[in-house]
2 protein chains.
Amino acid sequence: MNIGEASKASGVSAKMIRHYESIGLLRPPARGSNDYRLYAERDLHELRFIARARALGFSMKEIGELLSLWRNRRRASAQVRAIAGTHLKALEQRIAMMESVRATLSELVRCCHGDDRPDCPILDDLTLQR
Amino acid sequence: MNIGEASKASGVSAKMIRHYESIGLLRPPARGSNDYRLYAERDLHELRFIARARALGFSMKEIGELLSLWRNRRRASAQVRAIAGTHLKALEQRIAMMESVRATLSELVRCCHGDDRPDCPILDDLTLQR
DNA sequence: CTTGACCTTGCCATCATGGGAAGGTGTAGC
DNA sequence: GCTACACCTTCCCATGATGGCAAGGTCAAG
């Protein structure tokens, strides 16, 4: 199938498919006589893999590593778990940080009467009057 | 004071100070006879404002708007509240999405024995066998 | 043949931050 | 006065993932 069909079937935009190929994440597919890319079922599996991994927030680098492991029948699940574990930990840290920010913001918004008056606890907080 | 001192006093890198000036977020400061930038106390307040707003995750665009409001003694706190409220809502959505991803990942990592064997629920999930 | 969808490659942009290059300035120490 | 080092200037490029647009070619239905 052509790139547009592969895009629809995988949820990855044609643009990104080409991009992933350009950065080596995907192998260049077969080409037709018209130079159009031709994707096979196996290619589709990889595209779906990438789409799912992206959805889980893995970076392209991580996805590349995961793909290599997926392609390698002799992989050890420990390697996969290590990548996922690292990613999970980073994610948890980001969530915690954002949660902290949310709490601060939430409090500031709550304290702001939001009317015509110029006094504003949000701006005060940002200004950190010293 | 020079940019290095302003950087230390505000927590904003010299690079970013120049950058903020280049994008119009900060007004060009006075210059010495040697063409060095000279920052006054007022400039420092603005830098600290930006640093704090960045820490709260506001975008440069939002910070520009907040700075304008801060500079305007006639502002209405409602305007500030609106910006902060929008930002808070977006933040909450991002947190929720990341939390969902975290739960999925956490479960996958938990189910993975992480040993020498090749079978791996993480890769299986990514592959979405159909 | 025409038209519109699809395909190709290439260049640029987004957003916030930062590295490095090339060249100038200031000051302490010798 | 010279040297060395820290600091300053502007400029160009990069990051990471995604996407717009341009220019030109291909395909197939009407």
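This one's a predicted model, so the numbers in the text were calculated from it and none came from an experiment. Residue numbers begin at 1 in each chain, while the letters A, B, ... track the order of the sequences.
- Listed by first and then second residue, the salt bridge (Lys or Arg N to Asp or Glu O under 4.0 Å) pairs involving residues 75-89 of chain B amount to none (not counting sequence neighbours).
- Between the OH atom of B/Tyr36 and the P atom of C/dG23 there is a distance of 16 Å, rounded to whole Å.
- Within residues 86-94 of chain B, no residue approaches DNA chain D, by heavy-atom distance under 4.0 Å.
- Separating the CE atom of B/Met1 from the P atom of D/dC7 is a distance of 15 Å, rounded to the nearest angstrom.
- Between A/Asn34 and C/dT8, a side-chain N or O to OP1/OP2 separation shorter than 4.0 Å is absent.
- Between B/Asp35 atom CG and C/dT25 atom P there is a gap of 9 Å when expressed in whole angstrom units.
- In terms of modelled atom types and a separation under 3.5 Å, the side chain of B/Ser106 and the main chain of B/Ala103 share no donor-acceptor contact.
- Between B/Leu47 atom CG and C/dA16 atom C1' the separation is 16 Å, expressed in whole Å.
- In this structure, A/Ser33 and A/Lys61 both approach DNA chain D, and ranking their closest nucleotides by distance from the 5' end singles out A/Lys61.
- Separating the CG atom of B/Asn2 from the P atom of D/dT9 is a distance of 7 Å, rounded to the nearest angstrom.
- Taking atom CD1 of B/Ile3 as the reference point, atom P of C/dT25 lies 17 Å away to the nearest angstrom.
- In this structure, B/Asn2 and B/Tyr39 have side chains that are not in contact, with every pair of non-hydrogen atoms separated by 4.5 Å or more.
- Checking the phosphate oxygens (OP1, OP2) of D/dG16, no side-chain nitrogen or oxygen of A/Ser59 falls inside 4.0 Å.
- For the segment residues 14-29 of chain A, residues with any heavy atom less than 4.0 angstrom from an atom of DNA chain D are, sorted by number, A/Lys15, A/Met16, A/His19, A/Tyr20.
- In this structure, B/Arg74 places its CZ atom where only 12 or fewer heavy-atom neighbours from other residues, nucleotides or ligands lie under 6.0 Å away.
- Using a 4.5 Å heavy-atom cutoff, the side chains of B/Glu65 and B/Gln79 are not in contact.
- Side-chain atoms of B/Leu38 and B/Pro29, non-hydrogen and from C-beta on, never get closer than 4.5 Å to each other.
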